[in-house]
2 protein chains.
Amino acid sequence: MLPLSQTTGYAVRALRCLQEPGGLPVLVEEVAEYTGIPRSYLSKLIHKLAKKGLVVARRGHHGGVVLARPSTEITLEDLSEAIDGVAWRKRCLMGLLGCGGDAPCVLHDFWQETLEQILARLRSVTLADLVQNHDDGVDRFRANHGLAGPLSEPPQGAPTVPLATASGH
Amino acid sequence: MLPLSQTTGYAVRALRCLQEPGGLPVLVEEVAEYTGIPRSYLSKLIHKLAKKGLVVARRGHHGGVVLARPSTEITLEDLSEAIDGVAWRKRCLMGLLGCGGDAPCVLHDFWQETLEQILARLRSVTLADLVQNHDDGVDRFRANHGLAGPLSEPPQGAPTVPLATASGH
DNA sequence: ACCAATGATGATCTTCCGGTAATCTAATGT
DNA sequence: ACATTAGATTACCGGAAGATCATCATTGGT
């Protein structure tokens, strides 16, 4: 019933807790605690985002998760597409059978335009834009982790073991 | 993922097969055949719409279904509301926890506006507007049943047993 | 009265999404 | 090597939406 699934919402909340590429990795565990997203579910979600190249996850000692791209280069559309795919954008609003190029329904054009507006907006909003404007505990989290209000440069007390920004697969 | 559920789409397709109030009742069975909506599922759907006062259904000999209001007075929003309710309109696009009056998310205003546009559109489109503009078999159906292109007056070969336009419960 | 026509209803099934728990596996420090 | 610390993976649970089937209940015709 909404253009973004609950899980995409989770992705937004979760990624807001991460550091810029090259920054210190944050534990899935911590993110789960601060966002209220169930740990195991979050783990899968993170993994999915990692496969799509949006974050880098690393296991073992000093493992954790870091953004794979600067927060200014991760849009809401990226997240939506990574999680919910793209198929839903192509269906007739009312599910009319013959609705298509040759015989569009009365709402066809309206819906195309509306969708375009929505997608344009999702494209124009980046993770960096989402860093403020809410109070769900993440700000506190960011403070505790030395992250400035708006996502900033990686902190000076730099990573002992910086994670690669992109891994082969 | 879309503002209208599949079932609401069904409702649109189904109601396009019905006659104006006072017209001849059409069988659920027939509607199911012509629209491809599963018979039993459609039956329940019709029942739901009947409870909401959008159609009148009658069982037994010469039973069937008829619109309870003129097609010009049944909007898409009526159908959407009857079937999917209204709760989904109130949620934050991204499911952010604190998103509300005091601390709206970056997309809050955009989403409010977009939703308003969508709802306005659903309100402005009536069943009568939906009668043409597609080719899903319903036009053939309407022809077979003496229904003009756009929904028109009830045919002259009038109902032997017209259904009441509104029933107590 | 009875029967046939016709919508209503309840039980059940499938699929998808969100969620949980247990276990596996990779990375690291010692 | 080995223990510890992480994320990854697998199996399963539960609810909602969509769908099916069998059966019930009402109505009109005879």
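In what follows, chains are A, B, ... by sequence order, proteins preceding strands, each numbered from 1.
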| How many Å lie between CG on A:Leu24 and C1' on D:dT5, as a whole number? | 16 Å
| request: Examine D:dA19: is either OP1 or OP2 under 4.0 Å from a nitrogen or oxygen in the side chain of B:Ser40? Give yes or no. | output: no
| request: For the pair A:Gln19 (side chain) and A:Val26 (backbone), establish whether a donor and an acceptor sit closer than 3.5 Å, ignoring hydrogens and angles. | output: no
| field | Rounded distance (Å) that lies between atom C1' of C:dG19 and atom NZ of A:Lys48 | value | 14 Å
| query | Atom CZ of B:Arg58 to atom P of C:dA8: distance rounded to whole Å? | reply | 12 Å
| message | Just the rounded figure in Å: distance from P of D:dG18 to CZ of A:Arg91. | response | 11 Å
| note | A:Ser43 has its side chain closest, among C:dA8, D:dA19, D:dG7, to D:dG7
| task | With sequence neighbours excluded, tell me which residues meet side chain to side chain donor-acceptor pair (under 3.5 Å) with B:Gln6. | result | B:Tyr10
| task | Without swapping roles, check the side chain of A:Ser80 against the backbone of A:Leu76 for a donor-acceptor pair under 3.5 Å. | result | no
Could you list, one pair per line, each protein nitrogen or oxygen that sits under 3.5 Å from a nitrogen or oxygen of nucleotides 1-5 of chain C, together with the distance?
| from | atom 1 | to | atom 2 | distance (Å) |
| --- | --- | --- | --- | --- |
| C:dA5 | O4' | B:His61 | NE2 | 2.8 |

| message | Checking contacts here: which listed nucleotide (D:dT10, C:dG18, D:dG7) is nearest the side-chain heavy atoms of A:Lys44? | response | D:dT10
| Can you list every pair that meets salt bridge (Lys or Arg N to Asp or Glu O under 4.0 Å) and has a residue in residues 77-94 of chain B, with sequence neighbours left out? | B:Arg69-B:Asp78, B:Glu77-B:Arg89, B:Glu77-B:Arg123
| B:Ile46 CD1 to C:dT9 C1', straight-line distance once rounded to whole Å | 15 Å
| Can you tell me how far C1' of C:dT9 sits from CG of B:Leu42, to the nearest Å? | 15 Å
| Any A:Tyr10 side-chain nitrogen or oxygen under 4.0 Å from OP1 or OP2 of C:dG18 | no
| said: For A:Thr8 and A:Ser5: C-alpha separation, side-chain torsions, deciding distance, then whether side-chain hydrogen bond (donor to acceptor under 3.5 Å, both in side chains) applies. | reply: CA-CA 5 Å; A:Thr8 298; A:Ser5 68; 3.2 Å; yes
| said: Check this one for me: any side-chain N or O of B:Arg39 less than 4.0 Å away from OP1 or OP2 of D:dC21? | reply: no
| message | Go through it in stages, so that I can follow the logic: the residues are A:Leu4 and A:Leu122, the test is side-chain contact (heavy atoms from CB on, under 4.5 Å), and I'd like the CA-CA distance, side-chain angles, deciding distance and then a yes or no. | response | CA-CA 10 Å; A:Leu4 297 184; A:Leu122 294 184; 4.0 Å; yes
| said: Without decimals, in angstroms, what is the distance between A:Tyr41 OH and D:dT10 C1'? | reply: 16 Å
| query | Out of C:dA22, D:dA19, D:dG7, which nucleotide sits closest to the side chain of B:Gln6? | reply | D:dA19
| request: Would you kindly give the NE2-to-C1' distance between A:His47 and C:dG19, to the nearest whole Å? | output: 18 Å
| task | Take B:Leu130 and A:Met94 through the side-chain contact (heavy atoms from CB on, under 4.5 Å) test and state the conclusion after the steps. | result | CA-CA 10 Å; B:Leu130 289 163; A:Met94 295 177 289; 3.4 Å; yes
